[in-house]
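What follows is a set of notes on a single structure, which appears directly below.
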Protein chains: 2
Amino acid sequence: MIKPDIVFVAKLAGVSPATVSRVMNHPDLVHPATRKRVELAVEKSGYIRNRAAQAMHGKRSATIGLVVPTVANTIFAEVVQAFNDTVSAQGFTLLLASHGYDLEVEYRLVRKLLEHRVDALAVVGLDHSPGTFRLIAEQRVPLLAIWNYLADSPLPCIGVDNREAGRLAAEHLVALGHRRIGMVFPATFDNDRARDRKTAATAVFRAAGIELQDRWQVEVPYSIAQAKAACLELLAGEDRPSALLCANDVIAQGAIYAAARLGIAIPASLSVIGIGDFAGSAQMEPALTTVRIPAQQIGISAGQAIVEAIGRPDADFMIRSRVELELIMRTSTGIAAEMVRP
Amino acid sequence: MIKPDIVFVAKLAGVSPATVSRVMNHPDLVHPATRKRVELAVEKSGYIRNRAAQAMHGKRSATIGLVVPTVANTIFAEVVQAFNDTVSAQGFTLLLASHGYDLEVEYRLVRKLLEHRVDALAVVGLDHSPGTFRLIAEQRVPLLAIWNYLADSPLPCIGVDNREAGRLAAEHLVALGHRRIGMVFPATFDNDRARDRKTAATAVFRAAGIELQDRWQVEVPYSIAQAKAACLELLAGEDRPSALLCANDVIAQGAIYAAARLGIAIPASLSVIGIGDFAGSAQMEPALTTVRIPAQQIGISAGQAIVEAIGRPDADFMIRSRVELELIMRTSTGIAAEMVRP
DNA sequence: AACACTCTTGCAAATGTTTTCATTAATTCT
DNA sequence: AGAATTAATGAAAACATTTGCAAGAGTGTT
């Protein structure tokens, strides 16, 4: 019992392979009666068409590559889901790869995805190795950066302005009167998102005449556990900041748990702000004040844009779409203690 | 400027296409000097081999399909990551699909993955539509169920015994003297994991002579927000359970936030137990008592098993591997109030 | 020096589709 | 009714690779 191919089905239906192909790809070109017969033969033989052969013919592979730093935590879960749903509804399948914040690994992954002849590629952020860019340019595959927006980005992008995110968060703390501010960020090397947020926030603080104490700046990877551990250390003792600006909600959640453990009242004695508004941030107690990144909207828009780009292979693909950030004030931030008049 | 194919590279290197192919697939068969020349030509021309053409030849497609209910929350994030890392290290690329707990959607996704001629398929759990099973059997693609273990499962599986998970959680509550018990579960239709956990837990309670009050059994989807909302309702008023058994940690986190909001002390007046030990469960305050599912280990083992299965296409693939559960006692559960002697 | 090997390499067939072009059948128009 | 369209199908080339087979070039043996 051999796997049925298109000629097997054709024989079974008493037509030529060409007709079977047309039934699959341009059903309107074939007579309803023949179509019925072919569909029956397909059904009966259990035929499943071979996309590889189709792709080989220069046609679409009907796949889209998505490269993310990680799927292991909440950060990108929502975009990935929304993006996948969107392109999947259009008949595409997602090839997923994750590089763990290592751009050299990313290069290899992109290469692998190109070997599979993905019809388009989406990556997170605008920081990529030159090799990656060269590769994609050579292959003329539509490439879309998601998550970040930059007015003069070298490649199409759909996302948020991370400098604005940093600015919004910082301004919120400044507006509440905080001057003793700690920042908890991951390494900003190879990570333009964290870098942009941090520099923008720093600029705001500087403009407000706030001096950032080195001892309140800590570097942690994106992990609740490590963020909590780092914050436990940072917040121990009397000499601690009155507010913590965290690179994203995962870190902010860690910070809040650390404060809870230490019995530090939020927001009375400590304010914590995150960036992202990930799942759970709104529900936690205290609810996390954050700069909302509309992940779902990004995923959907990105999916639509990329499908559209695949649709016009000749037109060169350039879109720069900024989705709006929003400061979501919840209960994890409050007026700085020293500003509260009795 | 046309994209270089294998014959272009061959010409550039002054060899035949066959030799180039051998350099890519069986490097040891070609003379080191020629190999060098070919590699140089590949480099110079920016050639990227076409997996589609390769797959068409009956060879491997070097892809593995993974179908999960969702990637939008923490539940499967860790397995997906570990699985991806493992197979990726072996040169495979992941085709990802998510069906949102709808087995009819799953059928269509599986079909799509088979069109792409994945070398193997992994799915979550043992509940699947008959069509899905038929499809996969016809195509003779190795199929592996992850997350669940069942001694007499109809297909290879690597995961945990969900009945045991439910049992461990329930026994823990019973051991602490709880008799007024609520359960927060998602719909168990089409979801063998939730179903197994629930029936096992129910059996334990019944054996302990505990009567489950209908008003304390609630059904919620896997979402922190909805779990919290449901628990706010469940826990309002005086007539509430002393312990909550949650189908998984996502729901349990929602329950804990609900209690925090209502000012119900955990574990003094309410115990909450989850299943899963997802990221953040250990760090939250109070730290969540849970039945640990070693997601990473499952992902790695599953990746290894499936790659191995691809390696021996003739031998039929059957593995049933149970990974051990472990009750992790933290601070969200405690002795039932009515058992505490002054 | 002839023989039997082993290494390398090229030729050509095969893989499963899609698509262009041509052919035949059916329909419409005058 | 005959010509001119239009619709439906088939034949065959094309797509980019892999691999079995065969041939040529060295190498060691007698």
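First the proteins, then the strands, lettered A, B, ... as listed; each starts at 1.
- Using the six-membered ring where Trp is involved, A:Y101 and A:Y222 have ring planes that are tilted, between 30° and 60° apart.
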Return a single string for nucleotides 14-20 of chain C, one symbol per nucleotide in 5' to 3' order, where B is base contact, S is sugar-phosphate-only contact and - is none, cutoff 4.0 angstrom on heavy atoms. BBBBBBB

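- Side-chain atoms of B:L103 and B:T132, non-hydrogen and from C-beta on, never get closer than 4.5 Å to each other.
- The shortest distance between side-chain heavy atoms of A:I48 and B:E138 does not fall below 4.5 Å.
- To the nearest angstrom, P of D:dA8 lies 16 Å from NZ of A:K36.
- At a cut-off of 3.5 Å, with distance as the only test, a side-chain donor of A:S98 or B:Q81 sits close to an acceptor on the other residue.
- The separation between A:L29 atom CG and D:dT6 atom P is 15 Å, rounded to whole Å.
- Rounded to an integer number of Å, the gap from A:D28 CG to D:dT6 C1' is 15 Å.
- For the pair B:R37 (side chain) and B:A13 (backbone), a donor-acceptor distance under 3.5 Å is present.
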